[in-house]
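Have a look at the structure below before the remarks.
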Amino acid sequence: IHTKADVMKFAIEISLTHKEDGVVFNKKKAKEIFDFFCDNVQLVDSDVMPTSELIDSIFDKFKGVLAEKKKAD
């Protein structure tokens, strides 16, 4: 579990009860599980990388390539 979305998926799955006539979802139990995790563990909302981190890593690689090219010249 890395994100709040992971916790929500886990909480929903763990709170399902399989019965002869189908699956029953226990919303109260799922919310309790979700709240427990969120109250006790610091989690990000999603695994999406912030744009600034993505762009910075691309520029760092680009700078490295330029530096290597300058050394070769």
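When reading the values below, keep in mind they use all heavy atoms of this one structure, side chains included, and skip hydrogens, waters and symmetry mates.
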How would you list, by chain and number, every residue that makes a side-chain contact (heavy atoms from CB on, under 4.5 Å) with [X], sequence neighbours excluded?
| X | value |
| --- | --- |
| Lys19 | Thr17, Asp21, Val24 |
| His18 | Val23 |
| Lys31 | Asp35 |

Residue set satisfying side chain to side chain donor-acceptor pair (under 3.5 Å) with Lys29, at least two apart, ordered chain then number -> none

Under the side chain to side chain donor-acceptor pair (under 3.5 Å) rule, collect the residues that match up with Asp6, sequence neighbours excluded. Thr3

Between atom CG of Asn26 and atom CD1 of Ile12, what is the distance when rounded to the nearest 0.5 Å? 11.5 Å

Measure the spacing between CD1 of Ile14 and NZ of Lys9 and express it to the nearest 0.5 Å. 12.0 Å

Minimal heavy-atom distance between Phe34 and Lys4, with the atoms involved, is CE1-O, 3.5 Å

Shortest non-hydrogen contact between Ala11 and Ala30, atoms and distance: CB-O, 3.4 Å

Just distance, no hydrogens or angles: give the donor-acceptor pairs under 3.5 Å from side chains in residues 36-44, sequence neighbours left out.
unit_1	atom_1	unit_2	atom_2	d
Asn40	ND2	Phe36	O	2.7

